[in-house]
Number of protein chains: 2
Amino acid sequence: MSNLTDPEKKILQAAKQVFEAYGYTGARMQQIADTAGISKASLHYYFRSKEKLFDRIFEETMAEFIPLVSTWEESDNNWEVKLSGFITAFFTFLRRKSMLFIIQEVNRDPGLLAARKKDGKTKKNRFIAYFERLQLEGKIKHIDTRTLYIFLHSLCAYPILNSVIFKMNLQLSDKEYEHYMQDYPTMVAEFLIENIKNKNKSK
Amino acid sequence: MSNLTDPEKKILQAAKQVFEAYGYTGARMQQIADTAGISKASLHYYFRSKEKLFDRIFEETMAEFIPLVSTWEESDNNWEVKLSGFITAFFTFLRRKSMLFIIQEVNRDPGLLAARKKDGKTKKNRFIAYFERLQLEGKIKHIDTRTLYIFLHSLCAYPILNSVIFKMNLQLSDKEYEHYMQDYPTMVAEFLIENIKNKNKSK
DNA sequence: ACTTTTGCTGACCATTTGGTCAAACCATTC
DNA sequence: GAATGGTTTGACCAAATGGTCAGCAAAAGT
């Protein structure tokens, strides 16, 4: 992997950092250059424009989601284990507050997802597919899988996205909130599992 | 109320619209002036600087939250009704995607909440207080109220914040998603109520 | 009627910002 | 060691942007 030259790597790392911290409109090419330890002219030598550089970063960030998606097919663990695994992985992923970055930029320019929308049209959402199968097999309750999908994502993502305000409203310091969040994924997993597993296990 | 001159109202309305759509760094004073139908010089005549104008908008948006908070004290409905009412109201509030605006700006400049943090230190979160009381009265299960608070907010806010990506991943059109969302608050309410009400009602 | 105050604006300014370019730099090849 | 070709940068540019100001117009005093 990584057929990138050394300066390219440094630039992409710096750009990611600056774009995520300040957003597209707030990010400055000079700051990216400084962070990467090169001149602004060099920055433009490697990546023609701010927009081109941004697109690259955005695509890379989106691409990081892909490994997460495959959880539902690999291994033949039971669904409880898979769900717990997904939540933990998703949570770790979300820690690097890239999700705010994505939501922010997608709302600024919905065209950023145009390419991916076509992709989505063909193949069905793997989570939905997996849980619908579980329902057919009678392994979980019959609830709307879309709702389950939304609940799962909401419970994982929002506490990190909205951490600043949660801290304020719950009167928790950074340390306290972080400590609280250590157990959080497990709580979400247990909560969801408890709510969807089939109670009348008449065997 | 409203001891504001006509141009002030127009400016605030325009500014809110532009700031929410583009964020602080992306918003342009010229565009705010255009939207308000006045010159840029006039804009500066009424609000000295971009930052001053922004602070005003931010404060106003935050202030809209306050009416929501009082739900837990008024009326003597039972908690199920109160919770349902809160969810519906919260959801309506969130529709005007101001929440993304707030999270975005708070992450850009955490100092925006400095004033409010002091406020929070004194009085206890009303939701927490109310539900802790319910627990003492044995009306609901004994679960961590902070977690309940986070679950509630996450389930309400995230589906709206992240609507663009949910639409993509669930392959729903704008109309379909909107239609789905009509029933959503009720689902959240039922789901939460079912999970926290005390089962062993030995009476 | 005229003076003063207030509201409003076109023209202008200083700074910032994305982007360019000629020249310098440096490693490799001949 | 000169020629070559890729890399790097200081200096520079045009456009955009937040902000100012003298002056005009319309109320508001008097």
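Remember, it's a predicted structure, so these values are computed and weren't measured experimentally. Chain identifiers are assigned alphabetically (A, B, ...) following the order of the sequence lines, protein sequences preceding nucleic acid strands; residue numbering begins at 1 within each chain.
Among the atoms of the strands shown, none is found under 4.0 Å from any heavy atom of B:A33. When heavy atoms are screened at a 4.0 angstrom cut-off, A:Y46 is found touching the sugar-phosphate backbone but no base atom.
A side-chain donor-acceptor contact under 3.5 Å links A:E105 to the backbone of A:Y24.
In summary, B:K141 and A:E194 do not engage in a salt bridge, as defined by a charged side-chain N under 4.0 Å from a carboxylate O. The residues B:R56 and B:E8 are annotated as not salt-bridged, no charged nitrogen and carboxylate oxygen being separated by less than 4.0 angstrom.
Cation-pi geometry between A:R108 and A:F54 is satisfied (NZ or CZ under 6.0 Å from the ring centre, within 45° of the ring normal).
Proximity of B:Y45 to the phosphate of C:dG7: a side-chain N or O atom is located under 4.0 Å from OP1 or OP2. OP1 or OP2 of C:dT9 has at least one side-chain nitrogen or oxygen of B:S42 nearer than 4.0 Å. Between A:R28 and C:dG18 there is a side-chain N or O to OP1 or OP2 distance below 4.0 Å.
Side-chain proximity of A:M29 to the nucleotides D:dG19, C:dG18, C:dT9 is greatest for C:dG18. Closest contact between the side chain of B:S39 and the listed nucleotides C:dG10, C:dG19, D:dG18 involves C:dG10.
To the nearest angstrom, P of D:dA16 lies 12 Å from NZ of B:K40.
For D:dG19, its base never sits under 3.5 Å from the side chain of B:K50 at any donor and acceptor pair.
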